[in-house]
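Quick notes on the structure that follows.
First the proteins, then the strands, lettered A, B, ... as listed; each starts at 1.
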2 protein chains.
Amino acid sequence: MAKADETGSYKGSGKLRPEEMIYQEMLDAILDRRLEPGMKLIEEDLAQTFGVSRARIRATFLQLAHDKLINLVPNRGAFVSEPTIDEAIEVFAARRMIEDGVARKVAVSMTDERAAQIRNHLDREHDAHHRGDHRAAIILSGEFHLLLARLTGNLVIEEFLERLILRSSLIIAMYESPQPVDCSHTEHDDLLKALTSGDPDVAAAEMSRHLDAIRDRLQLQRPKPGKTDFASIFGRNPKSVAS
Amino acid sequence: MAKADETGSYKGSGKLRPEEMIYQEMLDAILDRRLEPGMKLIEEDLAQTFGVSRARIRATFLQLAHDKLINLVPNRGAFVSEPTIDEAIEVFAARRMIEDGVARKVAVSMTDERAAQIRNHLDREHDAHHRGDHRAAIILSGEFHLLLARLTGNLVIEEFLERLILRSSLIIAMYESPQPVDCSHTEHDDLLKALTSGDPDVAAAEMSRHLDAIRDRLQLQRPKPGKTDFASIFGRNPKSVAS
DNA sequence: GACAACAGGATTGTTAACAATTTTGCATGC
DNA sequence: GCATGCAAAATTGTTAACAATCCTGTTGTC
């Protein structure tokens with residue numbers, strides 16, 4: 001998710017790693033839906049676009065596939081992931097399991113300084129929201145959760161949650177309501193209140209509520225866009241492949 | 001960890017994927033400490049050993065590095081991971097955060113059939129232990145935790161925990177006491193008891209206790225083996241690099 | 001004798017060409 | 001008209017060679 005300040009200087013010199021750059025660019029394109037779910041990613045074309053060799057594109061594909069953002073099919077190629085409804089539900093259930101723990105840990109280790117840090121982030125979220133910058137709002141919303149993970153001081157959790165949040169972003173981009181509801185920013189306020197209450201159970205409960213709310217705002221009942229479901233369009237059951 | 005039955009047939013034919021095989025073999029070698037922590041992994045040698053091209057070895061390296069089992073240094077090569085003490089502590093803290101949730105979820109969805117499934121696994125653990133098969137005992141011990149993750153029905157959690165358990169195995173292999181204490185098998189019995197109690201808090205508490213116990217059995221105070229710490233050997237403080 | 005510069009070898013990074021596979025378009029036959 | 005088979009094009013998978021980088025041992029100098 002396009003972190004602005006994490007330039008990640010390489011070996012102290014000003015040299016930028018091209019691999020990271022390509023991963024980031026493809027990531028942004030997927031989350032922006034400039035690359036639509038299901039779209040075929042052709043190695044040669046991407047290699048020319050980025051001015052690198054196919055080998056590097058292949059390596060990048062492995063990373064993206066590991067994060068479940070693309071799908072690698074042997075001898076067929078790479079496709080932008082099309083998370084199913086079941087997958088979407090599972091991802092948010094997994095986040096709830098982990099972020100409950102995060103909320104608990106942050107709640108019991110809360111200090112004035114940390115609360116200020118969170119509040120500072122919330123200000124930026126509100127700002128983006130009032131500016132009407134929907135894209136920035138989504139990114140900042142994800143980074144809010146990442147900030148909490150960072151406050152646990154556990155790098156393992158932080159890294160895993162980062163991937164899970166990216167995956168969530170793809171899911172949200174795919175299934176979000178046509179008219180953006182965006183009530184999320186007040187929920188983060190509630191979350192901060194619960195986190196500063198000092199009661200881990202309260203914090204965990206609020207986190208669960210919030211994640212469920214995000215999930216429930218998605219349109220997880222309609223057929224996936226991009227994959228036309230002719231059977232449902234014409235009111236018939238799909239033909240079964242065997243027997 | 002050398003799963004016996006998951007043959008993973010490819011496209012229905014009997015053809016085995018060589019990539020998976022190489023990953024598995026290297027994984028086993030690392031966990032067996034036939035490849036010691038810190039050891040340099042030379043692409044050319046491995047390619048000849050497995051009879052494949054360097055490109056495939058490089059791809060395998062990316063996977064292993066993603067799972068933190070090896071360390072990839074630009075222009076220097078690949079090295080078997082040497083998890084630090086801090087890292088070890090973080091991994092077990094992360095597992096506690098996640099597996100607390102797993103235990104809670106399994107406890108509230110416990111059935112007779114599931115209990116029998118767990119008990120069946122415990123029998124195999126005890127069997128390996130009585131046979132004195134230390135290696136099998138370690139593998140089965142890891143798979144016990146994976147079984148619980150699977151019972152949550154959440155593939156996301158299952159996959160992440162699988163990687164975390166592998167990483168734990170490397171940590172255990174690196175830091176375990178010279179004389180294997182192996183009291184773990186009775187702890188799993190206690191865990192089953194807590195899981196069948198129906199109380200999620202009891203289950204989570206027992207899981208926390210168990211993971212802390214594993215961590216505490218490790219020798220996390222001594223300097224890492226394989227990296228001779230001359231300073232402590234000769235009773236001096238290591239020279240600081242700057243100022 | 002210690003230290004720096006240097007050359008040779010080893011190893012990784014990159015590119016391009018070739019082989020294998022899949023997809024696509026077209027022709028053929030029913 | 002529709003399915004089948006075939007051939008060409010497109011794409012992925014693999015290999016080998018070359019370039020860049022790093023490590024090691026040696027030599028020369030102070």
Side-chain angles (χ1 to χ4, degrees), chain A residues 8-23 25-26 29 35-36 38-66 69-82 226-228 230 239 241-242, chain B residues 8-23 25-26 29 35-36 38-66 69-82 226-228 239 241:
Chain A
S9 63
Y10 178 56
K11 271 194 175 182
S13 78
K15 205 162 131 195
L16 298 175
R17 280 183 291 194
E19 1 175 318
E20 295 284 329
M21 203 262 291
I22 295 172
Y23 179 95
E25 287 222 33
M26 292 193 57
L35 294 176
E36 284 179 36
M39 188 179 274
K40 172 92 188 275
L41 301 172
I42 293 170
E43 297 180 357
E44 181 75 36
D45 293 355
L46 286 167
Q48 289 193 347
T49 301
F50 290 112
V52 298
S53 68
R54 264 179 59 212
R56 192 173 287 276
I57 297 293
R58 285 178 136 256
T60 305
F61 278 180
L62 280 180
Q63 303 293 328
L64 287 166
H66 212 273
L69 296 170
I70 68 172
N71 212 355
L72 242 40
V73 185
N75 284 324
R76 298 269 327 276
F79 304 83
V80 178
S81 281
E82 301 178 274
K227 196 177 186 180
T228 35
F230 293 115
K239 265 195 285 190
V241 207
Chain B
S9 61
Y10 179 54
K11 273 194 172 181
S13 77
K15 203 162 133 196
L16 298 175
R17 279 184 291 193
E19 3 174 317
E20 294 284 328
M21 203 262 290
I22 294 172
Y23 179 95
E25 287 221 34
M26 292 193 56
L35 293 177
E36 285 179 35
M39 188 178 276
K40 173 92 188 279
L41 300 172
I42 294 171
E43 297 179 357
E44 181 75 37
D45 293 356
L46 286 167
Q48 288 193 347
T49 301
F50 290 113
V52 298
S53 69
R54 262 179 62 211
R56 192 173 286 277
I57 296 294
R58 281 170 81 83
T60 305
F61 278 179
L62 281 181
Q63 303 292 328
L64 287 166
H66 213 273
L69 296 169
I70 68 171
N71 211 354
L72 241 41
V73 185
N75 284 325
R76 297 270 325 275
F79 303 84
V80 178
S81 280
E82 301 177 273
K227 193 178 187 179
T228 35
K239 265 195 285 190
V241 207

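Scanning both residues, Arg54(A) and Ala47(A), for their nearest heavy atoms gives N-CB, 4.0 Å. The minimum heavy-atom distance between Leu62(A) and Gln63(B), with the atom names listed, is CD2-NE2, 3.4 Å. Annotation for Phe61(B) and Ile70(B): closest pair O-CD1, 3.5 Å, computed over non-hydrogen atoms.
Going from atom NZ of Lys40(A) over to atom P of dA10(D) covers 13 Å, rounded to whole Å. Atoms CG (Leu72(A)) and C1' (dT11(D)) sit 14 Å apart, rounded to a whole Å. At whole-Å resolution of the value, CD in Glu44(A) and C1' in dT12(D) are 11 Å apart. Remark: C1' of dT12(D) and CZ of Phe79(A) are 11 Å apart, rounded to the nearest angstrom. Note: CD (Gln48(B)) to C1' (dT12(C)) measures 15 Å, nearest angstrom. Rounded to whole angstrom, the span from the CD1 atom of Ile57(A) across to the C1' atom of dT15(C) amounts to 14 Å. As a whole-Å value, the separation of Ile70(A) CD1 from dT12(D) C1' is 14 Å. The CG-C1' distance, from Asp45(A) to dA10(D), rounds to 10 Å in whole Å.
When distances are taken from the side chain of Ala55(B) to each of dG13(D), dT15(D), dT11(D), the shortest belongs to dT15(D). Nearest to the side-chain atoms of Asn75(B) among the listed nucleotides dT11(D), dT14(D), dC22(D) stands dC22(D). Minimum atom distance to the side chain of Glu43(A) is reached by dG13(D), of the listed dG13(D), dT12(C), dT14(D). In the set dA17(D), dT22(C), dA17(C), the nucleotide with an atom closest to the side chain of Arg54(B) is dA17(D).
In this structure, the side chains of Phe50(A) and Thr60(A) stay at 4.5 Å or more apart for every pair of heavy atoms.
Residue Arg76(A) places none of its side-chain N or O atoms closer than 4.0 Å to OP1 or OP2 of dT21(C). For dG13(C), one of the phosphate oxygens OP1 or OP2 lies less than 4.0 angstrom from a side-chain nitrogen or oxygen of Arg58(B). The phosphate of dT15(C) (OP1 or OP2) has a side-chain N or O of Ser53(A) nearer than 4.0 angstrom.
Within the nucleic acid shown, Leu41(A) comes within 4.0 Å of sugar-phosphate atoms alone, with no base atom in reach, counting heavy atoms only.
Here the straight-line distance linking atom OG of Ser53(A) with atom CD of Gln48(A) works out to 12.0 Å at 0.5 Å rounding.
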